[in-house]
Amino acid sequence: MTSGRVNPQFRLEDQGIEGLGNVYYNYMEPALIQEALKRDEGTLGNGGAFLVTTGKFTGRSPKDKHVVKTDSVIDTIWWENNAAMSPEGFDALHADMLEHMKGKDYFVQDLVGGADPAHAINVRMVTELAWHGLFIRTMLRRPDREDLNDFVSDFTVINCPSFQADPAKHDCRSETVIAMNFDKKMILIGGTEYAGENKKSVFTLLNYLLPEKGIMPMHCSANHATGNPVDAAVFFGLSGTGKTTLSADPARTLIGDDEHGWSDRGTFNFEGGCYAKTINLNAEAEPEIYATTSKFGTVIENMVFDPETKELDFDDDSLTANMRCAYPLEYISNASSSAMGGHPKNIIMLTCDAFGVLPPIARLTPAQAMYHFLSGFTSKVAGTERGVTEPEPTFSTCFGAPFMPRRPEAYGNLLREKIAQHGATCWLVNTGWTGGAYGIGSRMPIKATRALLTAALDGSLVEAEFRKDSNFGFDVPVSMAGVPEVLLDPRRTWDDQAAYDRQAEKLVQMFSENFQQYLPYIDDDVKAAAIG
Ligand SMILES: Nc1ncnc2c1ncn2[C@@H]1O[C@H](COP(=O)(O)OP(=O)(O)O)[C@@H](O)[C@H]1O
Ligand SMILES: C=C(OP(=O)(O)O)C(=O)O
Ligand SMILES: [Mn+2]
C-alpha cells in the first residue's frame, strides 16, 4: 500500500527501491505523529510535542561517516578528514540495505535545502522511523503541497537505523554507517537513531556542492537587525559553542541557527527549522526556545520526563548531555519568513575555550579572521560526539571539520574574498571558560556574552578603547557597559596569574603547531597574522 502525495513519475520504485511494506509519502505533522505513536516510537508530550529516546546513539558518529571514493571526487575531497569507502563497498551496502528494507514500512519526505530558490537543492528523505520523517520535515524546508506533484530529488537519503553494516563487506568502520556517494547522488545511513545525522548529512552535501557555484557554505547561525535585513550577522561555531542560543536574540530577527550560505545576494538559511540543546534550558534566560518544548510537532530527543504529567526535566542529563528539541523556525516569534538576509556586516567566530585563556571578545583583522577560521580552535562539548564526556580542546577547521568534504582553503579563500568584498567586521568570542580552565573556572556568563555581542552588532563596541593582546595579537576591548571590567582581561580572572601565563603559552604553542599544515596554502598577510 502507498499513500500520501507524490510525483507519480518519481516513486521509490522509479529509484529502484522495491518490495517495501507501506510507503507514506509526504505525510504532514499530525499524520506522522499518529504513525509514530502507532509504532510505539515515542510518546506525546505537552502541547503536542513528540518525545523520543534514541538508545545507544545520542550524538553524531563522525568516525563512521564515509565518502565514496569515485573518480569524479578523488581530487576534490579532503581525504585526510573524510574516511573513504570503495565504490564496491558502497554498492554492497546499498544492495544489502535495499534487501533489509523489504517488507518494512517507510516514510518519504520530499524537501528542499536552501531558502534562496536560486541555490536550493531537492532532497528526498526515506526513513524507517516515522519520527525521523517528522524531524527532517521540521528541519529542512517544506515545499508547497502542489509542488510535490512534480518533485524530483537531486539527492536521496535513506536512513535505516535497524540496519547493521558489515565492515568487512561494506568497507566501513563499524555497524554504524553514514555513506555519501556524490556520483550516485545518494546518502545511506544505518545503525544509529540520533536524528542529527539526517540534517548534518544534508549540510555536508551542500558544503560539497556550493563552493563550485562561488557560494560560501557556513556552519553558523545568522540573524539581522529587525526591520533591516541588510544588517546581518553570522555566528560560526562548532557544536555547543552557542550558535543556537546566541542567534535567538529578542532584539534581532532570526535567519537560522546552524547552516547558511553566503552568495552574491547575501546570506540564506539551508534549513527551515532549529535544533536546540535543552540541557539546563531555562524559561527566563531563553524564553523563546523554552516555549517550543511544549508546542505541537516539536521533536524532543533524549529528555527525561514524568510519565504522568509529561513534564520535562531540563536538568536530568542521565540519557545524554546532548538532549535536543527540533522545531520549525516559525516557532520563534522574531524569525525571518524568507530566512534570508544581506551580506554579513559582522562575522562572529564562537570558540568554547576550555583552557580559560581567550578573552570574551576580540576584534580580528581580515587576516586574523582567516587565521582563526582555518585554525578553528574550540572544544568538543560533552555528548555531541560519541565518546566525548567533558569539554575536549580541539582545532576543528572552519568551525565544523566533521562536515567539510573539501580542503579547508576551499572554504577559507571564499570567506576571505567575501569579507574583503563586503567589508565585514570580524570578532572572536569565547563562550567557554573564565576564571581558570575547565574544572577550576566557570563557563562565561551568557549575560556578558550577550552584552558584548549586542555592542558589537549595534556598532558601539568598535568605538571602545582596545588593548593589543600580547599572546594572540588581536584587539580586546578594555571596558564595556554592562560587563564587569575584569572579565575582559582573562589573566585577571585567574587566581594564579603565573598559571594563566603558562596556560596561555601552551595554547599559543598549540595554535602554532596546528597551523603548520596550512602554511603552504596561504598568503603572506595571513602568515603574518599567525600566532607563536
Ligand atoms: N556564554 C555562553 N554563550 C553561549 N552559550 C552558553 C554560554 N554559557 C553557557 N552556554 C550554554 O552552552 C550551550 C550552547 O549550545 P548551543 O547554543 O546549542 O550551541 P550550538 O548551536 O553552537 O551547538 C547552551 O546549552 C547554553 O546554555
Ligand atoms: C546537530 C548538531 O549541531 P549543533 O550542535 O551545531 O547545533 C550536531 O553537532 O549534532
Ligand atoms: Mn545549534
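- R142 places a side-chain N or O within donor-acceptor distance of the main-chain N or O of L140, the cut-off being under 3.5 Å.
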Can D258 and F270 be said to form a side chain to side chain contact (heavy atoms under 4.5 Å, CB included), step by step?
CA-CA 9 Å; D258 198 48; F270 292 164; over 6 Å; no

Under the side chain to side chain contact (heavy atoms under 4.5 Å, CB included) criterion, do K69 and I74 qualify, and how do the steps go?
CA-CA 6 Å; K69 205 163 194 170; I74 213 156; 4.1 Å; yes

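- Under 3.5 Å, the side chains of R324 and N322 contain a donor-acceptor pair of N or O atoms.
- Closest non-hydrogen pair, H132 versus A195, comes out as NE2-CA, 4.0 Å.
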Assess whether side chain to side chain contact (heavy atoms under 4.5 Å, CB included) is satisfied between W427 and N346, documenting all intermediate values.
CA-CA 8 Å; W427 307 89; N346 285 281; 2.9 Å; yes

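- The minimum heavy-atom distance between G482 and A451, with the atom names listed, is O-CB, 4.4 Å.
- Counting only N and O atoms by type, the side chains of T192 and T176 include no donor and acceptor under 3.5 Å apart.
- By the 30° and 60° cut-offs, the orientation of the rings of H422 relative to W262 is tilted.
- For D469 and R467, the salt-bridge test passes: some basic side-chain N is under 4.0 Å from an acidic carboxylate O.
- T267 contributes a side-chain N or O that, together with a main-chain N or O of G342, makes up a donor-acceptor pair within less than 3.5 Å.
- Between atom CD1 of residue I189 and atom OG of residue S201 there is a gap of 3.5 Å, rounded to the nearest 0.5 Å.
- The CG atom of N269 sits 8.5 Å away from the OG atom of S336 when rounded to the nearest 0.5 Å.
- Shown here for G400 and M404, the closest heavy-atom pair between the two residues is O-CG, 3.3 Å.
- No hydrogens or angles considered: nothing links the side chains of S396 and K380 as a donor-acceptor pair under 3.5 Å.
- Side chain to side chain, T156 and S153 meet the donor-acceptor criterion of an N or O pair below 3.5 Å.
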Step-by-step ring pair (Phe, Tyr, Trp, His ring centres under 6.0 Å) determination, H119 to F268:
CA-CA 9 Å; H119 309 302; F268 62 99; 5.6 Å; yes

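- Checked for salt-bridge contact, K243 and D257 miss the test: no charged N lies under 4.0 Å from a carboxylate O.
- Of all heavy-atom pairs between N223 and S247, the closest is ND2-O, 3.3 Å.
- Of all heavy-atom pairs between T493 and G435, the closest is OG1-N, 2.9 Å.
- A cation-pi contact, defined as under 6.0 Å to the ring centre and within 45° of the axis, links R386 to F57.
- When atom types are taken as modelled, the side chain of S375 and the backbone of F377 share no donor-acceptor pair closer than 3.5 angstrom.
- Under a 3.5 Å cut-off, the side chain of N198 and the backbone N or O of N159 do not form any donor-acceptor pair.
- Taking the side chain as every heavy atom from C-beta outward, L206 and P217 never approach each other to under 4.5 Å.
- No side-chain donor-acceptor contact under 3.5 Å links T449 to the backbone of T431.
- Interatomic distance, CG of L134 versus CD of Q109, reported as 8.5 Å (0.5 Å rounding).
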For T226 and T253, what are the C-alpha separation, side-chain angles and deciding distance, and is it a side chain to side chain donor-acceptor pair (under 3.5 Å)?
CA-CA 5 Å; T226 296; T253 298; 3.0 Å; yes

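- The main-chain N or O of V381 is never found under 3.5 Å from a side-chain atom of S379 such that the two would form a donor-acceptor pair.
- Aromatic ring centroids of Y275 and F135 lie under 6.0 Å apart.
- Salt bridge present: E259 and K199 bring a charged side-chain N and a carboxylate O closer than 4.0 Å.
- Between R265 atom CZ and D116 atom CG the span is 4.0 Å, to the nearest 0.5 Å.
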Show, in sequence, the C-alpha distance, side-chain angles and deciding distance for R60 and F403, and conclude whether the side chain to side chain contact (heavy atoms under 4.5 Å, CB included) test is met.
CA-CA 11 Å; R60 283 176 294 101; F403 322 113; 3.5 Å; yes

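- Using a distance-only test at 3.5 Å, with no hydrogens or angles considered, a donor-acceptor pair links the side chain of E288 to the main chain of S333.
- Relative ring orientation between F236 and F399 is described as tilted, the plane-to-plane angle lying within the 30° to 60° band.
- Side chain to side chain, D353 and W433 fail the donor-acceptor criterion of an N or O pair below 3.5 Å.
- Between the E271 side chain and the G113 main chain, no donor and acceptor come within less than 3.5 Å of each other.
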Please determine whether side chain to side chain donor-acceptor pair (under 3.5 Å) holds for the pair T54 and N302, giving the CA-CA distance in whole Å, both sets of side-chain angles, and the decisive distance to 0.1 Å.
CA-CA 7 Å; T54 62; N302 296 315; 2.9 Å; yes

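- Residues E465 and S479 have side chains that never bring a donor and an acceptor to within less than 3.5 angstrom of each other.
- A salt bridge does not link D154 to R124: none of the charged nitrogens lies less than 4.0 Å from a carboxylate oxygen.
- Between R450 and D249 no salt bridge is recorded (no basic side-chain N to carboxylate O distance below 4.0 Å).
- D315 and N280 are linked by a side-chain donor-acceptor pair at a separation below 3.5 angstrom, with hydrogens and angles left out of the test.
- Looking at H260, its side chain does come within 3.5 Å of a backbone N or O of C220 through a donor-acceptor pair.
- Applying the 6.0 Å contact sphere to NZ of K418 captures more than 12 heavy atoms from other residues, nucleotides or ligands.
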Only distances under 3.5 Å count here; give the side-chain donor-acceptor pairs of residues 363-373 to other protein atoms, sequence neighbours excluded, each with its distance to 0.1 Å.
| residue | atom | partner | partner atom | Å |
| --- | --- | --- | --- | --- |
| R363 | NH2 | D475 | OD2 | 3.3 |
| T365 | OG1 | Q368 | N | 3.0 |
| Q368 | OE1 | T365 | N | 2.9 |
| Q368 | NE2 | G473 | O | 2.9 |

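- Between E286 and T245, the closest heavy-atom pair is OE2-CG2, 3.4 Å.
- Of the possible donor and acceptor atoms, one in the side chain of Y500 sits under 3.5 Å from a partner among the backbone N and O of V357.
- Heavy-atom contacts from other residues, nucleotides or ligands closer than 6.0 Å to NZ of K447 number 12 or fewer.
- For the pair R406 and Y208, the distance from NZ or CZ to the six-membered ring centre is under 6.0 Å and the angle to the ring normal is within 45 degrees.
- Shown here is K63, whose NZ atom has no more than 12 heavy atoms of other residues, nucleotides or ligands within 6.0 Å.
- Taking the six-membered ring for Trp, H219 and F203 have ring centres closer than 6.0 Å.
- Distance check, rounded to the nearest 0.5 Å: CH2 of W494 to CD1 of I440 gives 6.5 Å.
- Atom CD1 of I300 sits about 6.0 Å away from atom OG1 of T298, to the nearest 0.5 Å.
- With a 4.5 Å cut-off on side-chain heavy atoms, P393 and L507 do not count as touching.
- Side-chain contact, D458 with S460: a donor N or O sits under 3.5 Å from an acceptor N or O.
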Identify all side-chain donor-acceptor contacts of residues 509-516 below 3.5 Å with residues at least two apart in sequence or on another chain.
| residue | atom | partner | partner atom | Å |
| --- | --- | --- | --- | --- |
| Q509 | NE2 | E513 | OE2 | 3.0 |
| N514 | OD1 | Q517 | NE2 | 3.0 |
| Q516 | NE2 | S512 | O | 3.0 |

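- Side-chain contact of T351 with N430: a donor-acceptor pair under 3.5 Å is absent, judged by distance alone.
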